[in-house]
Every structure is written in structure tokens, then in C-alpha cells.
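Here's the structure, in C-alpha cells; my notes come after.
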Amino acid sequence: WSEPLIFELSRPGRVGYTMPAPMEDVAIEIPDKIKRKSPLNLPELSEPEVVKHYTRLSEMNYGVDSGIYPLGSCTMKYNPKINEEIAGHPGVAYIHPYQDERTVQGALRVMWELEQWLKEITGMDRFTLQPAAGANGEFTGVSIIRAYHLDNGEPQRDEMLVADSAHGTNPASAAMAGFKVIEIPSTEEGTMDLEALENAVGERTAGLMLTNPNTLGIFEDEILEIAKIVHKAGGLLYYDGANLNAVLGKIRPGDMGFDVVHLNLHKTFSTPHGGGGPGSGPVGVKDFLKDYLPVPLVGYDGENDRYYLDYDVPKSIGKVKELYGNFAVMVRALTYLKIMGREGLREVSEIAVLNANYLTQKLKGTRGYELPHKELRKHEVVFSTEPMKKETGVKALDVAKRLLDFGMHAPTIYFPLIVHEALMIEPTETVSREELDAYVEALKRISEEAYSNPELVKGAPHSTAVRRVDDVLAAKKPVLSWRMYLGLREKGEIDY
Amino acid sequence: WSEPLIFELSRPGRVGYTMPAPMEDVAIEIPDKIKRKSPLNLPELSEPEVVKHYTRLSEMNYGVDSGIYPLGSCTMKYNPKINEEIAGHPGVAYIHPYQDERTVQGALRVMWELEQWLKEITGMDRFTLQPAAGANGEFTGVSIIRAYHLDNGEPQRDEMLVADSAHGTNPASAAMAGFKVIEIPSTEEGTMDLEALENAVGERTAGLMLTNPNTLGIFEDEILEIAKIVHKAGGLLYYDGANLNAVLGKIRPGDMGFDVVHLNLHKTFSTPHGGGGPGSGPVGVKDFLKDYLPVPLVGYDGENDRYYLDYDVPKSIGKVKELYGNFAVMVRALTYLKIMGREGLREVSEIAVLNANYLTQKLKGTRGYELPHKELRKHEVVFSTEPMKKETGVKALDVAKRLLDFGMHAPTIYFPLIVHEALMIEPTETVSREELDAYVEALKRISEEAYSNPELVKGAPHSTAVRRVDDVLAAKKPVLSWRMYLGLREKGEIDY
Amino acid sequence: MGRHYLPNLAHRDEMLKEIGFTSLEDLFSDVPKGMVQKFNLPKGKSEYEVFRELNEVLGQNRTALEMPSFLGAGTYFHYVPAHVKYLIERSEFLTAYTPYQPEVSQGMLQALFEYQSMIAELVGLPIVNSSMYDWGTAMAEAALMSARVTRRKKFVIPKALSPEKKAVLRTYTAGPGMEITEVPWDERGQVDMEKLKEAADGAAGVYVEVPNFFGLIEENLREIGEIAHEAGALFVVGADPTILGVVEAPGELGADIVVGEAAYFGNPMNFGGPRAGIFAVRNDKKLIRQMPGRIIGMSRDADGRRAFVMTLQTREQHIRRAKATSNICSNEALVAVAAAIHLATLGPRGLSELGEVILKNTAYLKKRLSEVAEVPFDGVNFKDVLVRFERPYSEVHEMLLARNIHGGHYIGEHFPELGEGALFAATETTRKEWVDALIEALKEVA
Amino acid sequence: MGRHYLPNLAHRDEMLKEIGFTSLEDLFSDVPKGMVQKFNLPKGKSEYEVFRELNEVLGQNRTALEMPSFLGAGTYFHYVPAHVKYLIERSEFLTAYTPYQPEVSQGMLQALFEYQSMIAELVGLPIVNSSMYDWGTAMAEAALMSARVTRRKKFVIPKALSPEKKAVLRTYTAGPGMEITEVPWDERGQVDMEKLKEAADGAAGVYVEVPNFFGLIEENLREIGEIAHEAGALFVVGADPTILGVVEAPGELGADIVVGEAAYFGNPMNFGGPRAGIFAVRNDKKLIRQMPGRIIGMSRDADGRRAFVMTLQTREQHIRRAKATSNICSNEALVAVAAAIHLATLGPRGLSELGEVILKNTAYLKKRLSEVAEVPFDGVNFKDVLVRFERPYSEVHEMLLARNIHGGHYIGEHFPELGEGALFAATETTRKEWVDALIEALKEVA
């Protein structure tokens, strides 16, 4: 079904708002040269119409509550509703970041407590909660590494090593912070090639960015050796926390030798993804790096039982975002942590890993799906549909689209780049066995369809709100706003 | 699409709850003869599964935010979200009805203020907010009438008059309160037959229950005459507030001569219907009846600026519900009233009446639909599909089902009973002109279909989650719970 | 104000013109002259202003989150999991009406069928309606139903029953002129079995509760049922459903009708409303035919697939009018759905655990209270505990309130034979530190 | 605890067995010995306990609902209509991720397209991305983009700019080694045009804001743009979008890039986060190619029907990796949707009215403040007003706080030349009685 654009629902004269009266009704004259004269083409609707429109749009969207959502590397776990209830407390929404500290002790305590949890979970010594998302955290982390080397009189350390299986944000963040990016290949086992690493490190090495388990879902079992190589060369080890859900409550990045860690509260700690954000990407560091963290940090003065914002960070890299970070997201994460506790967190990773391996073993051997690299996975697994593509012409993309017809969300596809026709599946710990079984069944059925009726799969999806969307056209003929749309329609350049 | 029953999703061992630990962990022995021994066959699910199940069920349900919902006599207006936000205040949810009055001044003030609004809107002198719904209010009202006559030494007044177009609750409530019900017919104009009324009143007349406008949406223009007849005979006049939306802010039942009024906060005052409840059915009375109201009333001691529960109602009929009524519903209604204010309420009825007449005039003359009675309507209109039925075999029920295929909710059908094949349409003031036009268009298209392809309409709906449901089977072979279902399945008596 | 809810306000004149009217007055031309009034009401306000105003008003209430409270006596502070609240606020549930069009209302219908099914498991009877207004009105309707079924007019209740429920019962039974007989309690606080036997004679129905108004678990349900049945009366049990994980299902003990309060699951206290009355009966055509309220049944659709629909509607007011089994129309559907979601979340283990925790917490409260006041009855308590004080309870109450503790509910005016009696209650939400603080305070003041 | 989120915890052993493992340890056999740790963390708690605990902690915050506050300086108390909150809490929006599968994500895609479209109308530029983290990072990315487009390294900003934004800019531009030049304000508090001319020479971009950090409406936007363009620099405007109903769209005044804070619509203050940065550019291929962030475009589906999809992704990190225009991946989609819903609710009249009411309220605040302290700059203020006190502002602040008023935001440490300067702000939510109370208090203390 389709829903008109809100501009198309607009009717002159309708209003959806109420406005309090001004304190004093005197006309204020804005200088003519800056006064608005261009028309303001916003839609005009009543509140019931706005509500109906966005209610219908919401119903055209698949969320975690709609069914299995096994996007690899995204950790689409269930988002507990209690998180939302706590985040809805007026003590979250209605506080201003510049309030006197004495009037926001609750907020500062939430931040301080959250930091204590994250420190113990990661084995790091200090955290900033400022980054708004994982990539913002990565930028923070590599900026700290940069500042550290500069401070140590080693400005030549301008190379950041990243695995070839790394998330795209890793090289992008390193580049933003001014690093040259060096890619380290993976072995056939799916782990980092140590020899290549040995060859790559040197005087210019600033650090290595790594996820563990990596994006194949494989644990880098030589992590201690990797750490040794990098550290010996004078580099620092950066942990991309996107995959922390695999080892949560069991293994600490700090114990693996990492010096800097970013986490994704919206992945590992159950805060909702919001259709792409807001996230929150706290960064933790070992003690020797804590003076480089962004300001402010949150301190606690035990003597006076007082929480405070600490701007006294001597070599701070500054700020990576205004103010203190996505506070409302932090509240949700802390809620989750307190409910889960020590054992709960460990069980999360155990069941997440169990679910991924269960799915791996059940799907393995199905015609058309190949399982490259090691069999034992952690929280996710990457299959390749390369054989299917060769034999039937059905691509990973087609498989993904066909899954939508079964009312299931597709896995991440074509990532990591080192696996051709990749299906990257991360079930998370909150799906049931029946959902896993149904997912495997669907993938098996799609395999059968690919070999018997490939056009059915290539033409998928068939039963969704819209059918396959033409993204080539979208890029070739960009229509990026209502304003552009009207222009192009008028010129007769588009007819949709 | 279909969703399994929650029992079918159950898997042994799963839990969806958390429970605080007891204060002291000592075993408490319940006497053996009363201890539970029978198995407790409740479903076992995790929280994510419960959430997914009920999210999916919600998506299989049509609400006011889904589109036009013109159920006649139900006033399915938009339910403002601010009502919900205010009702979600902890000062609503977390207060106990037996708290010391000094600790619930806010709650009592809400009730008191609401009463003041309702008094002015209806022209009544005192209100009870206790009734949980319209019918509960009717029972309250007729019980007051009964108490009044008994108190006046007229126990012989045991007849309650009701219009033949009245809601079924009117006669049912009167019967529950011990009255004999006498039906008064309507004229061809669609209003009460005054001659019949004259003939019906007498010494046994306790009162007359009336809606105005009536369920045909027609204003009883001889209401003052009706009141005179009833009052002269010694009876009282009862106003069924189901249709108040038609005259809200313009005309007061009290000015029409009514002695007792019930309102439906969930209709006129925008509180949500909840799939059938909770509602709230306050009852207002003229001064001479206030000593019969249920206890407690809410009083205000202006001198000490103190609200209180008043149990000092000398001839009270007692209680019609535990405690004080559906408080959380009252909060919503008061929110609405404060936002609308004097002019807003008047505009509500004006636009509601405009919308109903707009639809009437646009649909009028369409083949197959007849408009019996007067043309000028108030908030709703009743068409008859009798001609269509005669000419094509398509019944009002079929028309209703076919509307569902267009993504629109059906009107009330087969009511009032005095119109054959009735379609009772109440658009309310919160639908847009485009929605009205689309509704008329759909009804016209259905007319065309009925005359060209009647089987299409008779087989409707075609595009809903389920197709037409067999209610005869449901009554013939009652399956009223999972427990019954299992038994019948086992015996092979059902196969669905 | 309020124009933001009225899309067509901007098109009033065009629309009028389009249908041949010249002014709004034309639409009200059938109203007698002079009847249209100017109302003496406040002006409308912006949403922000009303938000601030009502936040301030409601903020004057001192909630159970701010102040330890030991109030019970029919309303209890249970915890409602957040997902229950979220789900029932989804507007597809919240804003729908009675599912008159089952094809677009399967969600609500199925949820209510699930409610009926879970309550059926709890109470041990297979036929449950989809809700009454509350426990009290459900009990009153059970009395009326007993009279219809047996064609008798006497309804027997325990003296140890909530005054709220007694008042509702009296109002409901006034019309048909039923007679209410109260059976006193014995020295253990339980229904006096000898007196009950006398009272049951000629009764339409015999009603008892578990636990009773003093919080005691009524032990002789089965025997009471036998007495009722011997007398030709229906056996009506009122059950707090949160006890039914640890106490036998009344249906298994002979109940013909079970009533109770569904809102104890999934719903907050809300100053006493909304609630939702449980109403369940044996699978007996005679009973079903006389049952009040809406019932959801399973059926098939035109394609033979399972579907849900309102059923047995010929009992109801919109069909039977004056001859209906009840006048109820709007019920408490959403409250029932909330209860169902909470029950599905608890499951069998959760329900037992809830019962156990409440039993233990009540026992602790009772033990500690007995240190400082008279706790007249032994036996096992659930939630409520009756306590008797030597000094006027109002004085105790004032002194507790001054210490920021909300004490129990005074029942002396309804049960003068108990002296300065008050009910103190615990649930799973009660904290040990509150009880300890209460006892400390009572030691000082009582 | 937490087992209620883990359906398969109950089936752990069966599932292990079914796939040929004997124990959980098998699943972690690739982890080096000794690396698995016991964590020193608290035990899990029940939802009720955590609910109580965090309610108490958060209840320690004194909110803007409890205490009149005149804080602004980049974060403002705007009212968020209830329906906005309800709609973004619907889990289909709330819990979805980046719409990688457009066929099941049309709702979020269309909502974001509508966000882009409405922002485009406000700022007067047709190309808008679907959000950055906040205004500050959007501005910093605009600086980086200016450098990429012009291959220059200097970015010109006003001295009268939020210290928060300056700090973000410095951190973001450190890697590529950009140079930041500050242009002072003139005696009217506006950007000094002469100094600006000098600074623009050789600049990649020239940045100004409306209103500026002192709350003054910057009047010379068009001229500043001309200066920038003459110097071969991009003209970057930072706009508080709530002003754009009354102030001309920056795109109409020559802006190449417009940044700003979308969270001022539809989102509460949340102690400063989440926010959502506006990022808009001219329809110029060279600019679009260098633009950061995710963009939603309209296209067709296989049946030729209109459909929405993420587009121009070759700029982004998941494709371009180290050569991407930005590292941004998760953005602030839900914040943007909330803003869009609020904007759709306001419409053109609401946006103008909002601007007018804020102008009027700010004017009243300014007028009253000038009675008790020095208000250095004339001109029209929007939200913020700079005030200078004779005594140390910390003393004024303490005395206001003691009177339950939260005064303004002290900026003396960042702008020592202003002396004891503080920003006091008003919005549409500020009440006259607060201002009057503030002035009364200041009369006593300042």
C-alpha cells in the first residue's frame, strides 16, 4: 500500500498546532533585509491527519518488534520497554545541560554509574560518554591516539592499520583524524594475517583498529600476539566495540591488550536504533590515555557525595560533539545493565553465540550457501551465496529480498567485502529457537526456489508495501526533497 | 495474515517476568484443602515474544488513527495524544483511592473541576462521576428516578417510556432497575409520536428516556412539548447523552427540560474507546434529585481551599460501581475540555453537524441508498439500503463489509431498528473533507458494484486479515476459551 | 482553541455552500428559538498551557512512589511491567471500539479471547466474558444472574465483605427486590459454617471470597459450595486472581460462577478506576444463557481459516433490549487486554511466584504488626492484615502521616464490633524497609 | 536476571546438543585460556526494583517543570506536542535500523524524505541530508567539506560563537590541519564586516549564524555571503531553524551550505542529547558529491510506483571507506523524524507564529532585564539576551537559585572582554510571571 507525501495531504488553512500567547503583544520589527519574504511551503494539516499519516508510515516499517531482524554487525536485539519508560521520566527530558550541578545530581549520577559499568565490562580505566554514535566514538578514539603520539614527540606516526574485514567506519574515521590507512589482509581461516601485520608495522604505525570477534563472527584467537606486535612497534590497539555482544560479560577488551575501546550502546546495551539513530558511542581508554579524553568527564566527589562535570583534562582532544553526549540513550543503557547484572550479561553473550552457531549448523550444507572460513563463530556468521549465483544467477541481494516476502528481515549483505555474495547473519540472543528454525527454513526454501524457479527469487520481493526499489534510478536522477520533486515534475523529467 | 494464539507460542521453561525477592524467605503453608493442585496452563514466553505477539495483534486492528471510523452513535472522534500524556502522570497511576484526602487534593480537584464543566455543558446542578460507562450511567439515572418516586410515596410509578429508536441500553437499564418498559413509536418524520406519548403517560409513568438528537440524527424539535407532557403526568425526563456531540456547547439538555442526564466521556469528550472500554458515564441531575446521587460526591470547601469526598448524601441510591469511577478517563476528558474551551466545544458540534450533512447531501440520491425521514440531520445520518437489497440482493451487511476492502471502517448497521437495512453514519468533527469525499465515493462505487456485480459485494471483504467471519457457527458451536478449544479439538468437533 | 482537531473548520463556508446551505444557523434551524445558548465556560488554552496546569494539579497528589503506603482493602499497588503499558497504548488497540466488524478487528478480538482463555485457566471454568466494570459490579451481576437462574430472591454474602461491594450489590439488587443475607465470621475470621448453612436455605446464590475482606484465605470453599448446592443455590466465588497461582482454582472447588478483579494484573491503581470485573461460569447452557456481558468466540472465516468474533449476542441489550441479561455495553476491554498481556508475561511460574512473594511479604508484615498491635486472626493472610489498635486509629493515622507513612485503611465505621480495626496490606511491591519504618513508627505512636 | 529477554536460555542444553556441542565452553574454545573472566559487577535486579531506583535517581534532578529557568545558549525549552512523542515511540519507527531494505522500510524512508523536504523549505536549499549528530558537528563537517571543495585550509567563524561549537570545530579540523580564524563583533554585537573582509581572504569557508551567540539577529547575511563568494570561499550559515518563519531562508541570501539544530523541533532538552544536525547544500553536483551523511531519495519500484531509498551512497564510509566524505554511519534519524512531525504540525502559520511569539517574549525579557542590569547590544534578539552584571555573576546566580530561579548561563570565562556576562533566554514556553519574578529577584540581588 502507499501513503501520499505529507505535502500532498496539505490543504490551505488547516492547522495542527496550538501556541501559547506571547507575554506582551507588541510588534517586533525584524530588519527588512533579513525578514523572511520567500514563501514557506510547509504542509498544512490538522493534528488527526498528522497522526494518521505517521501512524500509517510506521506500519510500513519493519522494526525489532515486527520479527527477526538479523542484520549482521548491527546487533538488533530486543529493546526492552522499561528502557523507554525510564527515559521518559521528566528528570530526563526537562533538564538543561547548563543547569547548576546541584540541580542535576541525578543525571550526573546516571552518567557516572554507567561509566563504572562500562569500565568493568571492557577493562578500561576511564570513559567519555560524549560520542553520539560508533563512528563518532571511533573518531574520538583515533584522535586520542593521534594526540598521544604527538604529545610523545612522534608526529611521524601517521599510519593506521585496519583489517580488510573491518567496518567502513574504521578507515573513514582514521582518515578524518588525518591518518593514512593501511589495510591488513585476512587469512583463509578468516583471522588477521600475522605475517602481513608484522610486515606492516613500523615507525609510522600509530595503531591498529580491530574488532574481536571480527566481522566474520570469528574470534581472533591470536589477539595477544597481535597486541604484542603492535605494541612492540610503538602502536596502540583500538577495539571497535560493534561486536562486543559476542563476549559481553565473559571477556574484556582490556584483557586482550586493547588500549582504546568504543562501545555502541544502541547495539550491545539494548537501546533502540531509531531507524538509524540516535546511538551512543562511549570511548574507554587505559589509564595512560585518560588525559586525552574529551571534556567534560563526569567526576564523583565521594567525600561530599557530589557528582560534577570535570573540565580539568590537561591534554584533552577537545570535544567531538556539543555538550555531554546522548544522555537519553545512556539512561536506557544503564536501565538495561541494572536489570541484567553480572550473570545476565554473561548469558547474553552465551545465548547470542549459541544462536549464531545453531543457525550456522542448521543452514550449513544447504545447496547454494557456502560457509567460508572457520566453522565456529561467535555472535554472527557470514555465508556466501557465490555457488548459488554461479549455478542459478540468484545473487545475495535476491536472497535478501526474497526473505522479505516471508515477513523476515534480511541479513546484512555484501559485507564484509572479503566474502563474495556475503550474507552476514546476527540473530542476537533475544530471538527464539522457533524464529531461528523458521529463518533457516526460509533460506532453505529460497535455495530450492533458486534452483527450480530462479526468476521468482530474482523478482522478489512480491508481497511487501512496495516491490524492489530502483536504487540506480535514485542515484542517476536524484529527487531529494519535495522542492526538487516539484521542479522535476514540472520539467517532465520524472513521472512518479 | 494470521497470528497464532499465545498458547500456541508457549514453550516450556520460558519466562517473561522478573519478580522482586520477598522480604523474608520463609515458607508459608497454605492449608492443603485450598492449595492449588490443578495445573496452571498459562502460556510460557519471554518478553520479546509477548511484545511481538501483541504488536502483531495490534496491527490486525483498526483504530481511529487508522482512518475514518464513522460508527453511528459511537462518536469515534480523534483521541488527542495529550490526553494520554496527562493520564500517564504518576499522580494518576500511583494513587490509592483510600489515601488521606490531603494527599490526593490534585485528584479530587480534577474530579471537581470536571463536574463544573459538565454542569455548565448540560445545564444540570450536580453530577456523579462514578458510572463506568454509558449503560452504568443509565442504570444510575433510572435508579435515581425510581428512588425519587418511592421517596415521594409513588411506588406505583413503575413504567419507563423509551423511544422505539432508542439505544438497547435504555430499555435494558430500565428493566434492571425494576421498571416495565413501554415503547413510544416514531413518526414518519423520524421524531417521537406525540399522540402516542400522550396516550402512554399516566399514573404509572416513572419517566421517559430520550436522546436528542435521536439515533436517526434528527433533532426532536418538539422537545419542549414532550417535556411538558411527561412532567405533567408526573414523570421525569431522562437524557441519554450518547448524541451530545451534536449540540455540544450550543444547547443544554437542562434547557430542553431534562431532569437527569448521562454523558459518555469516551464519546463526546474524546477519551479513547479502548476496544470496548473503559468508558465513563457521569450522571447529572437537577437540584431536586441531587440527594439521590451515588456516594461519594466530590465537594470543595472554598474557605479552606480543600477538596473532599462527600458521603453525606441523605437519600443516596448507594453505589453503582466500586470507589469513585474511572478516574483515568476523567483526567483525559478534563484535558480535552481545557484545550477546547467555550468556543472550541461549540465548533465541535458545528463541524460534526456540518460533516454529517455534507455526507448526507453528497450521498443522497445514489442508487440503492434511501434517506428515510427528514433530510436535515445533526451529527449522524441513517440511510437505508432497502432498495439495493430488493433490487440486487445486496444487504446493508454486505455494503459494510465491502467498505472494509477500501480500508475504511463500516458504519453502524441494522440500527436503529426502525430503519430497515440501516447504515448509521456518524463522521464526527475530526475527519477531513477528503475523507468524507472518499467515503461517499466508496459508497457510490459499492452501489455500482451491487448493480453490476453483486457477488463481489456479497463476498466481501476480500482484502482484510480474515475474510467474512461466520458468526452463526460461532454461536452454534461456542469456542470461548483455549480450554474449550482443546476439548473440542480432541473430540474432533472442530477443525479450525 | 481546539481548531487543530478540526480539519474542516477552515472549509466551513465552502462546504456549507457546496451542499446548499448559506450559514451554520441553517444546520440548526430545527432547534427551537432561544434554545441555543452562550456558555459560561473558560476559553480554550494551548496544549502547553494545559500540560503545565494539569501537571501542577496532579503533582499535588502524593503517590505511592513518593510515600510508603500500606493501603489495600481492594486496591493494591502491583507493579505493571513497562511493555504492558506500551502495548495497550498503541492506538490500534487504544482507540478502537467494540469489534463490531471482526474482519478489521481480529487483533482486539484475539487479545480478548486470550484474556478469556487465561482467566479460564486461573479460575478453573471454561466460560469467561470479556469483562465487567469491576469486581463489585461483577458480583452484583452474579447475584442478579443467580436470581434469574434459580428464580429465587435471596443472595447470601459474608459479613466480612468490602463495604464497597456491599453497597454496589444493594443498589443493583434493589430493582428486582432481592434480599441480601450476611453470614458472620467465626472466631478464626472465616465464614461461620453453621450460620452459612441456615442462610443458604432458599438462596439463589451463596457468595464467598478468597481471600476474605480481612485478608484471610477462606479455607472451606469446597464445603461452602456443597452447602450451596444442597440448598439449590448457585455457588459464587469471588477470587483475587493474583492468589490463584497458590490457591486452588474455584472451578475445581465447585464454583458455578467466579467473579474477581482482572485489573490487579497489568493495570495501575488509578485512584480506583478503571478496573475490569472477571465473570466466569461453568460450561452449562442454562448458565451461559443467563450470563451478562460480551463474549468473544472462535469461528471460521469464508476461507475456512480460524477467526474470532463476538458471539452469543442474543443475551445482550442491543438485541434483547429490555429482556437482556444485563444492560452492559461498553465494558473494560483495554483493561482486560492489559491483564492478559501481564498474565502472558507471568506464565505459570510467574503467577505462582507472585503468589508466594505476596504470601511471604504479608506474613512478614503480619508478624511485625503483631509486635505492636493486636492481630486478631491467625491463619494465612494474603495482602491484607486486620490489625486492632487501642487508641483511636485516626490518631495513629495522623502520626504515621506526619512521618511520611500512609498507614492502613480504617474499617471501624463499617465493622464496629472490631473496635479500632484497620487493614494493612503488602504486595510484591512493598519493601522491607517500609515495614521496618512502619513498625518503628508504630512503636512510638500506637 | 534478564532471563526474560532470553527465550532460548531454557533450551540451551538441547540446542547445544542438537548442533553437536556438549557444553557452552565448546562455543568459546577459540578464546585463549584464562581470558574468560568473572566480572565484578552488581547482580541483576527485577524490573520493579530498577524502576524504583532510577525513578529516585532521576527524581533528584530539578526540572524545568519545577523551576523557572532562563537557560539557553544553544539548548532551549521548547514544548513538544504529545502526539510527536507518541508517534516516535511506536516501535516500528523506534526499533528499526538504517533502512537498508527499502521494501520493508518505506515508512522511515518516507518520513526522512519528508524531514529533508521540510528542512529544505525552511533553509531555502533543496538538498538536505537525513541528519548529523548535532549543529556543532554539522558545522565542523561543513568546514571539512569546504576544505575538500575549495582545497583550502582556512575556515572563518565569528568570535561570538558558542564555545561548544568552537571546541567541536577545533577537534574535527585537527586531523587535516585546518586553520580557524575568528572575526570579532562590532559595537552593535554584529559581525565586524571590515574584519570579516580581511579574514575571508584565502578562506575555504565563511561561517556565520542567525541569531548569533548573543541572541542578536545577524543582519548582514547577504553581504557576508557576497564577501565569501568574492574570496572564493563557501558561504556557510548556521541557523536556528525556529527563527526561519520570520527570518529569510539562508539559501535565499546566498548560502552554499546551511547547518543548524533540528532537535529544536519535536525533541526535549534531554540534558543536551540526542540532537540532530541540519546539513543542507545548494543543488550543485560539486557540492553534493562532497556532502557528508545519509540522503534519502525518491525512486520507483519494480511496478513503477513511487518508492523511497537511500541514495548517493558512494560518498559514504561503507562504500568509499577511507575516501568517504565523512565517517558518519548511525545518525539521528528518529530525532529528525520527531522534528518532521512537529514541523508538519506547525505548518507555515505555526512556524511564523512560533517565531513571533519567541521574538515578543525575548523582547519582553530584554526590556525587563535592562531595568536591572546592563544589556549591551541593541538590535532584535531571538531567545538569548546578553546581560552584564556589576557584581560577580556567580553571586547573582547563587541568590537566584536560593529563590528557586535558575538564572542565565555565565559566559564570562569564554568572553572575558564582556566582564560578568550571562545569557538569559526566553522561548514560547517562558511565562511572564517567571520573568516578573526574575526581575523582582534581580532588583533585590543584582
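- In summary, D:Glu121 and A:Arg483 engage in a salt bridge, as defined by a charged side-chain N under 4.0 Å from a carboxylate O.
- Looking only at heavy-atom pairs under 4.5 Å with chain A, the residue among D:Ser91, D:Ser352, D:Ala324 that has the most is D:Ser91.
- The residue among A:Tyr485, A:Tyr358, A:Tyr62 with the most heavy atom pairs within less than 4.5 Å of chain D is A:Tyr358.
- Heavy atoms of D:Val380 lying under 4.5 Å from chain A belong exclusively to its side chain.
- Interface remark: A:Val431 contributes backbone atoms only to the contact with chain D (heavy atom separation under 4.5 Å).
- In this structure, chain D has heavy atoms under 4.5 Å from both the backbone and the side chain of A:Asn136.
- A cation-pi arrangement, defined by a distance under 6.0 Å to the six-membered ring centre and an angle within 45 degrees of its axis, is absent between D:Arg62 and A:Tyr94.
- In this structure, the portion of A:Glu47 lying under 4.5 Å from any heavy atom of chain D is its side chain and not its backbone.
- Counted by atom type alone, A:Thr464 and D:Glu103 present zero donor-acceptor pairs between their side chains at under 3.5 Å.
- Residues D:Arg90 and A:Ser58 bring a donor and an acceptor atom of their side chains to less than 3.5 Å of each other.
- A:Tyr496 does not carry D:Arg305 over the face of its six-membered ring by the limits of under 6.0 Å from the centre and within 45° of the normal.
- Contact count versus chain D (heavy atoms, under 4.5 Å) is highest, among A:Lys37, A:Gln361, A:Met484, A:Arg146, for A:Arg146.
- Taking a cutoff of 4.0 Å between a charged side-chain nitrogen and a carboxylate oxygen, A:Lys250 and A:Glu350 qualify as a salt bridge.
- Residue contact with chain A, scored on non-hydrogen atoms closer than 4.5 Å, involves the side chain of D:Val435 exclusively.
- No other option in A:Asn355, A:Ile251, A:Asn41, A:Ile339 has as many heavy-atom pairs under 4.5 Å with chain D as A:Ile339.
- Of the two parts of A:Ile218, neither the backbone nor the side chain holds a non-hydrogen atom closer than 4.5 Å to a non-hydrogen atom of chain D.
- Side-chain atoms of A:Ser432 and D:Asn8 form no donor-acceptor pair, as typed in the model, at a separation below 3.5 Å.
- Per-residue counts of heavy-atom pairs under 4.5 Å with chain D were compared for A:Met256, A:Glu138, A:Lys401; the largest is that of A:Lys401.
- With a 4.5 Å cut-off on non-hydrogen atoms, D:Leu351 touches chain A through its side chain but not through its backbone.
- Contact annotation for D:Glu252: only side-chain heavy atoms (C-beta onward) come within less than 4.5 Å of a heavy atom of chain A.
- A donor-acceptor pair shorter than 3.5 Å cannot be found between the side chains of D:Gln101 and D:Ser105.
- Heavy-atom distances place both the backbone and the side chain of D:Leu122 under 4.5 Å from chain A.
- Between chain D and the residues A:Asp65, A:Ile95, A:Val479, the largest count of heavy-atom pairs under 4.5 Å involves A:Ile95.
- Across D:Ile296, D:Val128, D:Leu144, the residue that shares the most heavy-atom pairs under 4.5 angstrom with chain A is D:Ile296.
- No part of D:Arg222 comes within reach of chain A, as not one of its non-hydrogen atoms sits under 4.5 angstrom from that chain.
- Heavy-atom distances place both the backbone and the side chain of D:Phe271 under 4.5 Å from chain A.
- With a 4.5 angstrom heavy-atom cutoff, D:Ile341 touches chain A via backbone and side-chain atoms both.
- For the residue pair D:Thr345/D:His83, the side-chain donor-acceptor check at 3.5 Å is satisfied.
- For D:Pro42, the parts lying near chain A are the backbone and the side chain together; criterion is any non-hydrogen pair under 4.5 Å.
- Residue contact with chain D, scored on non-hydrogen atoms closer than 4.5 Å, involves the side chain of A:Tyr78 exclusively.
- Considering only heavy-atom pairs separated by less than 4.5 Å from chain D, the leading option among A:Pro478, A:Ser66, A:Gly341, A:Pro97 is A:Pro97.
- The closest side-chain donor-acceptor pair between D:His397 and A:Asp100 falls under 3.5 angstrom.
- At least one donor-acceptor pair closer than 3.5 Å links the side chain of D:Asn61 to the backbone N or O of A:Gly91.
- A:Pro294 approaches A:Lys319 most closely through the heavy-atom pair CB-CA, 4.5 Å.
- With no hydrogens or angles considered, a side-chain donor-acceptor pair links D:Glu114 and A:His53 at under 3.5 Å.
- With a 4.5 Å cut-off on non-hydrogen atoms, D:Glu356 does not touch chain A at all.
- The contact between A:Ile351 and chain D is made entirely by side chain atoms (from C-beta outward), counting heavy-atom distances below 4.5 Å.
- Between A:His273 and D:Tyr97, the ring-plane angle classifies as perpendicular under the 30° and 60° cut-offs.
- At a 4.5 Å heavy-atom cutoff, the contact between D:Ile217 and chain A is made by side-chain atoms alone.
- Of the two parts of A:Arg433, the backbone and the side chain both hold a non-hydrogen atom closer than 4.5 Å to a non-hydrogen atom of chain D.
- A:Ser10 places a side-chain N or O within 3.5 Å of a backbone atom of A:Glu44 that can act as its donor or acceptor partner.
- Contact of A:Ile317 with chain D is made through backbone and side chain together, with heavy-atom distances under 4.5 Å.
- A:Arg109 touches chain D through its side chain: at least one heavy atom from C-beta onward sits under 4.5 Å away, while N, CA, C and O do not.
- A donor-acceptor pair under 3.5 Å is absent between the side-chain atoms of A:Asp255 and the main chain of D:Met35, judged by distance alone.
- Taking chain A as the reference chain and counting heavy-atom pairs below 4.5 Å, the highest number among D:Phe51, D:Phe28, D:Phe77, D:Trp135 is found for D:Phe28.
- When heavy atoms are compared at a cutoff of 4.5 Å, A:His167 approaches chain D solely by way of its backbone atoms N, CA, C and O.
- Contact of A:Pro20 with chain D is made through backbone and side chain together, with heavy-atom distances under 4.5 Å.
- Using a 4.5 Å cut-off between heavy atoms, A:Tyr98 touches chain D through backbone and side chain atoms alike.
- A:Met340 touches chain D through backbone and side chain together, each having a heavy atom under 4.5 Å away.
- Within the 4.5 angstrom heavy-atom criterion, only side-chain atoms of D:Phe21, from C-beta onward, approach chain A.
- The main-chain N or O of D:Ser299 is never found under 3.5 Å from a side-chain atom of A:Asp470 such that the two would form a donor-acceptor pair.
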### Query
Between A:Thr103 and D:Leu401, does a side chain to side chain contact (heavy atoms under 4.5 Å, CB included) hold up when you go through it step by step?
CA-CA 10 Å; A:Thr103 68; D:Leu401 204 60; 4.2 Å; yes
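- Proximity to chain A involves both the backbone and the side chain of D:Arg275, based on heavy atoms less than 4.5 angstrom apart.
- Heavy atoms of A:His96 lying under 4.5 Å from chain D belong to its backbone as well as its side chain.
- D:Leu27 touches chain A through backbone and side chain together, each having a heavy atom under 4.5 Å away.
- For the residue pair A:Ser38/D:Glu248, the side-chain donor-acceptor check at 3.5 Å is satisfied.
- Ring-plane geometry between D:His318 and D:Tyr100 is classed as perpendicular, the angle between the planes exceeding 60 degrees on a 0 to 90 degree scale with a lower cut at 30.
- Top candidate by heavy-atom pairs under 4.5 Å with chain A, chosen from D:Gly273, D:Gly2, D:Gly272, D:Ala111, is D:Gly273.
- A salt bridge links D:Glu53 with A:Lys338: at least one charged nitrogen is closer than 4.0 Å to a carboxylate oxygen.
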